[in-house]
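Everything numeric here is computed off the predicted structure, so don't read it as measured data.
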Amino acid sequence: MTSPQTRPQTAQIRCVNKRDRPNPFERITHVGGYGSSQWKITQEQAITMIERGEWSFYVSLPGSTKAVWVEIGVSRFGNKYLRTEGDDDTRNNLLSLPECP
């Protein structure tokens, strides 16, 4: 007998922290948001939560009601990172978010 699947909780990422904020290609260190309370976690924590099926994250597109899901990418060097579905080299919805407090 298999145990029932539980759905992951969902949260909107509204801000990020990067190592070098002016550099559009620099690595994200933290993601955050707010709802009933403000939250901020490391990129590594977010990746683990996604991999375990505990959480799903999304980003709302600026000036739109459309949202895109956040997924895990793997660099050519084997490093895991967060990106949004459909990201390409010219548009990265996560990297364009404001700085987290």
Side-chain angles (χ1 to χ4, degrees):
M1 181 178 211
T2 60
S3 60
Q5 292 275 334
T6 58
R7 294 183 131 187
Q9 296 184 59
T10 304
Q12 180 179 358
I13 295 175
R14 297 176 183 250
C15 62
V16 297
N17 292 123
K18 297 187 332 181
R19 287 191 184 132
D20 181 7
R21 189 69 194 173
N23 182 344
F25 301 106
E26 186 57 47
R27 183 176 150 94
I28 292 172
T29 60
H30 293 79
V31 295
Y34 46 89
S36 57
S37 64
Q38 189 172 354
W39 59 273
K40 183 167 99 170
I41 58 175
T42 67
Q43 176 176 246
E44 291 78 14
Q45 288 171 314
I47 289 170
T48 299
M49 295 162 106
I50 293 169
E51 289 178 330
R52 289 183 181 164
E54 298 169 347
W55 282 88
S56 292
F57 298 98
Y58 68 96
V59 175
S60 289
L61 300 177
S64 171
T65 57
K66 184 178 178 187
V68 291
W69 291 106
V70 174
E71 61 188 15
I72 300 168
V74 180
S75 76
R76 62 183 172 163
F77 303 109
N79 298 316
K80 294 180 183 179
Y81 64 95
L82 296 175
R83 67 177 185 197
T84 54
E85 291 178 325
D87 265 356
D88 56 25
D89 291 339
T90 60
R91 180 175 182 161
N92 188 318
N93 300 306
L94 278 171
L95 292 174
S96 63
L97 291 174
E99 185 79 8
C100 289

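Ion pairing of E99 with K40 is absent here, as no side-chain N (NZ or NE/NH1/NH2) approaches a carboxylate O to less than 4.0 Å.
The main-chain N or O of R19 is never found under 3.5 Å from a side-chain atom of T29 such that the two would form a donor-acceptor pair. Under the 3.5 Å distance criterion, the side-chain polar atoms of Q12 are left unmatched by any main-chain donor or acceptor of G33.
Shortest non-hydrogen contact noted between V31 and V16 is CG1-CG1, 4.1 Å. L94 and I13 make their closest contact through CD2-CG2, 4.0 Å (heavy atoms, listed as atom of the first residue, atom of the second, distance). The minimum heavy-atom distance between C100 and N17, with the atom names listed, is O-ND2, 3.1 Å. The heavy-atom pair separating P101 from C15 by the smallest distance is CD-SG, 4.4 Å. The shortest heavy-atom contact between E51 and I72 is CG-CD1, 3.4 Å.
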Side chain to side chain contact (heavy atoms under 4.5 Å, CB included), that's the test. Do E54 and Q9 meet it? Break it down for me. CA-CA 6 Å; E54 298 169 347; Q9 296 184 59; over 6 Å; no
Apply side chain to side chain contact (heavy atoms under 4.5 Å, CB included) to Y58 and N93, showing your working. CA-CA 10 Å; Y58 68 96; N93 300 306; over 6 Å; no
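Atoms CG and NE2, from L82 and H30 in turn, are 12.0 Å apart once rounded to the nearest 0.5 Å. Interatomic distance, CD of Q43 versus OG1 of T48, reported as 10.5 Å (0.5 Å rounding).
With sequence neighbours left out, A11 forms a side chain to side chain contact (heavy atoms under 4.5 Å, CB included) with W39, W55, F57.
Stacking of R14 on the aromatic ring of Y34 is recorded, both the 6.0 Å distance cut-off and the 45° axial limit being met.
Connection of M49 to W69 is not established within any shared hydrophobic cluster, with ILVMFWY side chains joined at heavy-atom distances below 4.5 Å, either directly or through further cluster members.
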